[in-house]
2 protein chains.
Amino acid sequence: MNYRMVIQYDGSRYKGWQRQKGKDKKDTIQGRIEQVLTKQCGREIEIQGAGRTDAGVHAKGQVASFFTDQTLTLEEVNYYLPEDIRILSLREAGPRFHARLNARGKVYEYRLLKKGHYNVFLRRYAWQMKEDLDLDLMREASQIFLGSHDFAGYCTRASKKKSTVRRVEDIQVIESEGEILLRFRGNGFLYNMVRILTGTLVDVASGKMSLDQAREALEEGERSLAGDTAPAQGLTLVEVLYD
Amino acid sequence: MNYRMVIQYDGSRYKGWQRQKGKDKKDTIQGRIEQVLTKQCGREIEIQGAGRTDAGVHAKGQVASFFTDQTLTLEEVNYYLPEDIRILSLREAGPRFHARLNARGKVYEYRLLKKGHYNVFLRRYAWQMKEDLDLDLMREASQIFLGSHDFAGYCTRASKKKSTVRRVEDIQVIESEGEILLRFRGNGFLYNMVRILTGTLVDVASGKMSLDQAREALEEGERSLAGDTAPAQGLTLVEVLYD
């Protein structure tokens, strides 16, 4: 049976999604879930996650798939998982479904706390601003990235062998009491790409970088011209899109 | 100078608000804040909090007052506090202001997560329901407690010397996607009172207790007739009311 599951997690205490060779399985979200499934199925289970979130990054709707002969229920899997990882749904998928290869897009959210608006309950889920932000300027800057571009300048360790072209379909800047939520939708995001886009949008909105500089970093594909990488804790993988 | 401050804290890792004799100051919120103020003022500072929240209970708007000759700024006090305690405002109050004695009321919120609606980000800030709740029944039960009553049956360790009469001015049951927020406003609340009211409302709403039983517990002043004490982590002191 090919299972598809939707997973929510608080990434604060993990070294990211991906199980790492020679490292403790308990340190990664994939490793933790595989441990539980392996125990329940009585044989080694490997799961395929749609996206490899970094250390400290959260998920409200990560998707993963795996094969097993066993019949599993949501309740029993959750029972053995730590309280910061929850399976929200677990259902049978068609035999050809693969969480990563079939994904046609992803939605990420990055949460900013406005200058002077502290919120202790969001300290692990947001980035505290030290400067005032000009949201009109931020929205103008976000337009630079819409559409298909080579994002070599907006990722960490750009590969020369693999394409760094991605299509960003939408960037929303949503303001609410004390918070700014950046919502990114695209067909895929490179390593650290959402965090570097966020860092750049913040730099432009706080007047530290010009719109031209942000544009130049994209055109030149030069990482050093783009803004800083925003801290991991503000980022959440919200949804994985499939046809 | 008499200072008045508004404080926000995540109570998860503390043994409550109140500094305790012979115990580590770092374990309580009052103790932590007093440590910082004592250091900044160069002499022992004692603060008066409006309410003594229990271990694990949170605050969005706790109020405290203290005297000092020093001029303090919000920024420097926050700089030395741990990241789960934030002073939101710090200003001079009249010489007779006392955070507890002048309070004429308090607002508390208790957050419930509906059955089947997990949220890992709220695991320390909500109580996960295992049963479906009938919110009409819950609202009906909440009416029992409105007005002035002797709440001896709805508190822990009722004193025989001090009055256990309190006035509950409002109980709102606010439903949203996956959550139920109970909002209590009253002139004061006894030890564990909001948590026992919440436990009772949940018991009635899940069909474990009748409206008559809830009423009887109030009339008889008999703790064993009321519902269980709801877990600390769902409770937040939202606001302290002054004239």
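Atom set for the values below is all heavy atoms of this structure, side chains included, hydrogens, waters and symmetry mates excluded. In what follows, chains are A, B, ... by sequence order, proteins preceding strands, each numbered from 1.
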For chain A and chain B, what donor-acceptor pairs lie under 3.5 Å, backbone included?
from     : atom 1 : to       : atom 2 : distance (Å)
A/Gln8   : OE1    : B/Val120 : N      : 2.8
A/Asp10  : OD2    : B/Arg123 : NH1    : 3.0
A/Val120 : N      : B/Gln8   : OE1    : 2.8
A/Arg123 : NH1    : B/Asp10  : OD2    : 3.0

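In this structure, B/Ile85 and A/Val120 approach most closely via the heavy-atom pair N-CG1, 4.0 Å.
Heavy atoms of A/Leu74 lying under 4.5 Å from chain B are absent altogether.
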